Amino acid sequence: MSDKFNDLLNRRGFFWQSFDAYKGMVEAGGFYDYGPLGVGLKRNIINKWLKTFVVPYMDFTIEVETPIIMPRIVFEASGHLENFTDFLVTCSKCGRKYRADHLVEDELRKREVKIKTEGLDERRLDELISQYGIKCPNCGGELGNVQRFNLLFQTTIGPYSSNLGFIRPETAQGMFIDFAKLYELSNRKLPLAVAQVGKVGRNEISPRQGLVRLREFSQMEIELFFDPLNSTCPYLDDVKDVKIRILPEDDVAKGVSAPREVGVKEAVEKGYIVNEWMGFYMGLATVFLNELGVPLDKQLFLAKLPEERAHYARAVFDQVVLTERFGWLEVSGHAYRTDYDLSRHVKYSGQDLSAYRDLQVPRVEKEMRVSPNPVKIKERYGGDAGRIIKYIYDNPDKVLRDIESTGKSVFEAFEISREMIYVSEQEKKTYRERFIPHVIEPSFGVDRLLYVTLENSFVERNGKYVLRLPPDIAPIKVAVLPLIRKDPYPAIGRRIWSMLVMNGIEAVYDDGDTIGSRYVKYDEEGVPFAVTIDDKTPMDNTVTVRDRDTTSQVRVSIDSLVSVISSKIYVRR
RNA sequence: GCGGCCGUAGUCUAGUUUGGAUCAGGACGACGGCCUUCCACGCCGUAGAUCGUGGGUUCAAAUCCCACCGGCCGCACCA
């Protein structure tokens with residue numbers, strides 16, 4: 001299947017490896033171009049995501065677009081400069097590079113020393129290498145110092161080479177940085193969801209496997225900001241009937257491999273998912289995948305154990321899809337990022353990225369207020385009163401404390417006694433307090449979704465191939481096909497084609513070849529409908545509409561064609 | 001990054017073992033024409049190849065050697 005499938009995608013031009021003209025001259029794997037059909041399909045997948053995650057929830061969801069190149073400090077704050085790294089060690093003799101933590105673990109296992117190197121820093125790894133005398137496994141040479149290889153793409157901003165910039169490895173940071181503005185624009189309401197679709201870059205050491213591991217790819221992310229004291233999701237009922245397949249953290253830790261199939265609500269109630277918002281988005285993610293044509297039994301939410309999680313995350317589920325070619329493939333990640341990101345940006349930028357929370361019971365604080373009594377002060381010290389009064393205003397707490405403990409407070413040569421000040425007790429009420437919101441992040445990889453959509457749509461029929469793409473995401477909706485190229489059929493066909501595209505329906509016109517070979521061609525391109533002009537058309541203004549998946553045809557009038565096709569495209573399954 | 005296999009028109013491929021007369025052969029696709037009345041594979045014709053890149057051996061290299069780049073598979077990696 002895999003060969004025929006790849007052959008079809010290649011022939012029909014969905015996507016291909018970039019820089020083909022320079023093949024063999026440059027090392028630049030992990031980049032792909034989308035061809036005409038790939039572009040349309042990708043756009044439609046993004047649109048479906050927007051219609052699933054953003055449009056129905058515009059009462060609390062907004063969309064932004066932020067740069068893909070960001071200055072260094074952003075990634076100091078986010079922790080990516082420090083943590084988004086692999087450890088490499090280079091042999092000083094033969095120049096080979098190894099993953100340091102894995103090399104150490106492997107070599108020590110050979111000496112029957114069991115040690116976990118996950119999470120060790122480069123100093124500790126250096127120590128282990130010298131302590132056990134680990135040498136290059138290839139040539140036996142001395143190993144150099146362990147170095148971090150950072151997966152961020154680096155560039156400079158402007159003409160000064162010291163002004164470093166980096167391509168973002170996730171769209172998320174732009175949304176965190178903008179939180180204060182976005183919160184303000186949303187009338188300071190939580191929960192607030194911010195969505196962003198865009199490109200990101202990760203300088204992978206050895207990318208491979210086509211669209212599945214790219215150095216530059218597209219993400220669709222949402223950062224949901226909420227009050228950690230109120231994590232209820234009022235929209236959870238929208239997905240209450242959605243069944244998900246899940247392997248919770250406890251199961252993963254115990255080595256259980258059979259997933260549980262439960263409703264979203266049940267998964268939250270039983271504690272498989274620690275947060276309602278996370279459950280909500282995981283429910284939507286399942287619906288989304290269903291509508292892309294991925295059956296439920298090929299979907300799974302897989303919990304990540306603490307040591308597998310990114311530096312910012314408290315809980316993570318990977319949404320994985322069973323593929324023919326790559327096995328279980330991660331298409332989205334659902335992370336509880338806590339207040340990590342906002343707090344870090346507060347610390348590094350000095351800006352306030354907090355939100356307000358109304359207190360149900362106002363907090364009451366008692367405050368003693370001290371003010372001078374000018375009459376008494378003048379009585380005793382006359383012309384010096386002014387300085388004394390100012391002193392009391394500037395140091396009310398000290399004056400009060402002194403008087404309460406010793407009966408007087410001394411300022412230069414003056415004694416301030418109890419009768420020289422007024423003391424009043426005041427209540428201060430606080431109705432709201434500030435806090436840093438917590439974040440739930442569903443994050444989708446567009447390119448991988450495109451791949452699994454294509455793979456799931458591929459079927460063989462009578463020795464021919466069909467892409468059964470859901471009609472609403474198919475890049476071309478209709479092929480207009482005169483049965484033969486002879487007057488008056490082509491003219492009618494062109495008129496119908498024009499009518500369709502003017503109504504926003506993506507269509508192609510084709511009068512070449514035999515009718516059968518054209519059906520095969522457009523089946524391969526995933527075109528869900530074919531309109532055929534035959535000998536009846538000039539007589540009664542009707543055409544046939546052929547369904548790609550059943551090959552059956554219905555005859556409709558040209559006048560009703562646009563509405564018939566539209567209703568077939570957007571039917572909810 | 002390691003190991004194995006591989007790189008010939010848009011695509012798939014013959015030729016590589018045994019270097020030379022194949023100025024690289026075929027099929028699909030594309031384009032032009034003919035024929036045509038509903039599910040690829042009717043007929044005729046046309047165009048299309050720096051044989052991955054660079055270097056070496058040789059009178060002669062797609063073919064042998066080396067390096068590099070890329071691809072596939074396995075291992076590793078994939079915050």
Side-chain angles (χ1 to χ4, degrees), chain A residues 2-4 6-13 16-31 35 75 78-91 95-103 105-106 118-119 137-138 148-152 169-170 202-210 212-215 304 307-313 316 318 325-326 329-330 333 335 445 448 461-466 481-486 489 511-524 530-537 543-544 546 548 550-553 555:
Chain A
S2 199
D3 286 350
K4 298 295 175 192
N6 287 318
D7 178 51
L8 186 154
L9 296 184
N10 202 14
R11 274 190 292 116
R12 295 304 174 193
W16 55 82
Q17 200 157 19
S18 300
F19 324 123
D20 203 45
Y22 292 99
K23 179 171 66 173
M25 295 167 68
V26 292
E27 202 236 303
F31 298 97
F75 300 109
S78 73
H80 283 94
L81 274 172
E82 190 187 344
N83 296 311
F84 192 48
T85 51
D86 287 341
F87 291 105
L88 289 184
V89 65
T90 308
C91 170
R96 263 169 224 250
K97 290 179 190 294
Y98 302 90
R99 270 288 297 237
D101 46 350
H102 290 260
L103 178 70
E105 194 161 319
D106 288 350
E118 179 106 40
N138 180 56
R148 287 166 183 259
F149 175 77
N150 195 285
L151 270 56
L152 294 173
E170 53 174 8
R202 300 178 183 186
N203 201 4
E204 299 284 352
I205 294 172
S206 65
R208 230 194 269 168
Q209 309 185 304
V212 161
R213 216 152 140 239
L214 299 173
R215 286 186 166 131
K304 305 298 274 184
E307 62 268 26
E308 302 170 323
R309 298 199 284 253
H311 58 273
Y312 49 70
V316 175
D318 281 352
R325 176 142 168 238
F326 305 110
L329 177 67
E330 180 189 347
R448 288 182 173 191
R461 182 169 72 200
N462 302 329
K464 293 166 278 185
Y465 307 103
V466 184
L481 313 172
L483 205 51
I484 51 168
R485 180 166 43 188
K486 195 170 90 180
Y489 308 112
D511 61 13
D513 263 319
T514 64
I515 188 68
S517 56
R518 279 177 279 162
Y519 286 146
V520 169
K521 176 177 177 186
Y522 295 108
D523 285 349
E524 285 195 349
V531 168
T532 306
I533 293 107
D534 61 12
D535 55 352
K536 274 191 160 169
T537 308
V543 290
T544 58
R546 171 184 180 272
R548 175 198 62 204
T550 62
T551 74
S552 64
Q553 291 176 307
R555 185 166 282 278

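As the structure is a computational prediction, the values presented were derived from the model and not from experiment. Both backbone and side-chain heavy atoms feed into the values below; hydrogens, waters and symmetry mates do not.
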With rounding to the closest Å, how many angstrom separate the [atom1] atoms on [N] and [M]?
N      : M      : atom1 : result
C51(B) : A9(B)  : C1'   : 10 Å
A27(B) : C69(B) : P     : 38 Å
U13(B) : U53(B) : C1'   : 23 Å
G20(B) : U16(B) : P     : 9 Å
U63(B) : G52(B) : P     : 8 Å
U18(B) : A61(B) : C1'   : 14 Å

Subject >> From A40(B), C39(B), U11(B), nucleotide with atom closest to Tyr519(A) side chain >> reply: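 Taking heavy atoms from C-beta onward, the closest nucleotide is C39(B).
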Original post:
Nearest to the side chain of Glu204(A) - G71(B), C41(B), C78(B)?
Top reply: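 Comparing G71(B), C41(B), C78(B) against the side chain of Glu204(A), the answer is C78(B).
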Original post:
With Tyr489(A), which residues qualify under ring pair (Phe, Tyr, Trp, His ring centres under 6.0 Å), at least two apart?
Top reply: none
Original post:
By ring pair (Phe, Tyr, Trp, His ring centres under 6.0 Å), which residues pair with Tyr465(A), not counting sequence neighbours?
Top reply: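 Testing Tyr465(A) for ring pair (Phe, Tyr, Trp, His ring centres under 6.0 Å), a comparison that skips the adjacent residues, returns Phe458(A).
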Is there any protein nitrogen or oxygen under 3.5 Å from a nitrogen or oxygen in nucleotides 73-76 of chain B, and what are the pairs?
residue, atom, partner, partner atom, Å
C73(B), N4, Arg208(A), NH1, 3.1
G74(B), O6, Arg208(A), NH1, 3.4
G74(B), O6, Arg208(A), NH2, 3.1

Original post:
Is any N or O donor-acceptor pair between the side chain of Arg546(A) and the base of C38(B) shorter than 3.5 Å?
Top reply: no
Original post:
Could a donor-acceptor pair under 3.5 angstrom be found where the side chain of Glu330(A) meets the base of C78(B)?
Top reply: no
**OP:** Would you please test Thr532(A) and Tyr519(A) for side chain to side chain donor-acceptor pair (under 3.5 Å) and show each step?
**Re:** CA-CA 10 Å; Thr532(A) 306; Tyr519(A) 286 146; 2.8 Å; yes
Distance, rounded to the nearest Å, where [X] contributes [atom1] and [N] contributes [atom2]:
X         : N      : atom1 : atom2 : answer
Asn6(A)   : G71(B) : CG    : C1'   : 12 Å
Lys4(A)   : C28(B) : NZ    : P     : 15 Å
Lys536(A) : C38(B) : NZ    : P     : 13 Å
Trp16(A)  : G71(B) : CH2   : P     : 17 Å
Lys464(A) : C38(B) : NZ    : C1'   : 12 Å
Glu524(A) : G29(B) : CD    : C1'   : 11 Å

Original post:
With a 4.0 Å cut-off on heavy atoms, is Thr544(A) in touch with a base, just the backbone sugar-phosphate, or nothing at all?
Top reply: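 Answer is base: heavy atoms of Thr544(A) come under 4.0 Å of a base.
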Holding to side chain to side chain donor-acceptor pair (under 3.5 Å), I want the full list of residues that pass it with [X], two or more places apart in sequence or in another chain.
X         : answer
Asn150(A) : none
Lys304(A) : Asp318(A)
Ser517(A) : Thr514(A)

Subject >> Most 5' of Arg11(A) and Gly463(A) on RNA chain B, judged by nearest nucleotide >> reply: Arg11(A)
Subject >> Contact nearer the 5' end of RNA chain B, comparing Arg461(A) with Gly30(A) >> reply: Arg461(A)
**OP:** Identify the heavy atoms of Asp523(A) and Arg461(A) that sit nearest to each other, and give their distance.
**Re:**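 Smallest heavy-atom distance, with atoms named: OD2-NH2, 3.1 Å.
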Could you tell me which residues satisfy side chain to side chain contact (heavy atoms under 4.5 Å, CB included) with [X], sequence neighbours excluded, listed by chain and number?
X         : value
Thr537(A) : Ile492(A), Ile533(A), Asp534(A), Val543(A), Ile558(A)
Glu204(A) : Leu151(A), Arg202(A), Pro207(A), Arg213(A), Arg215(A)
Lys486(A) : Ile484(A)
Arg485(A) : Pro490(A), Asp511(A)

Original post:
Which dot-bracket notation, 5' to 3', represents the base pairing of RNA chain B when pairs are defined as Watson-Crick or G-U with both distances under 3.5 Å, crossing pairs as [ ], and inter-strand pairs as |?
Top reply: (((((((..((((......[....)))).(((((.......))))).....(((((..]....))))))))))))....
Subject >> Salt bridge Lys521(A)-Asp513(A), side-chain N to carboxylate O under 4.0 Å >> reply: no
**OP:** Check whether any side-chain N or O of Gln17(A) sits under 4.0 Å from OP1 or OP2 of G71(B), and answer yes or no.
**Re:**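 For G71(B), OP1/OP2 do have a side-chain N/O of Gln17(A) under 4.0 Å.
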Would you list the protein and nucleotides 30-37 of chain B atom pairs, both N or O, that sit under 3.5 Å from each other?
residue, atom, partner, partner atom, Å
U36(B), O4, Arg485(A), O, 3.4
U37(B), N3, Tyr489(A), OH, 3.4
U37(B), O4, Tyr489(A), OH, 3.2

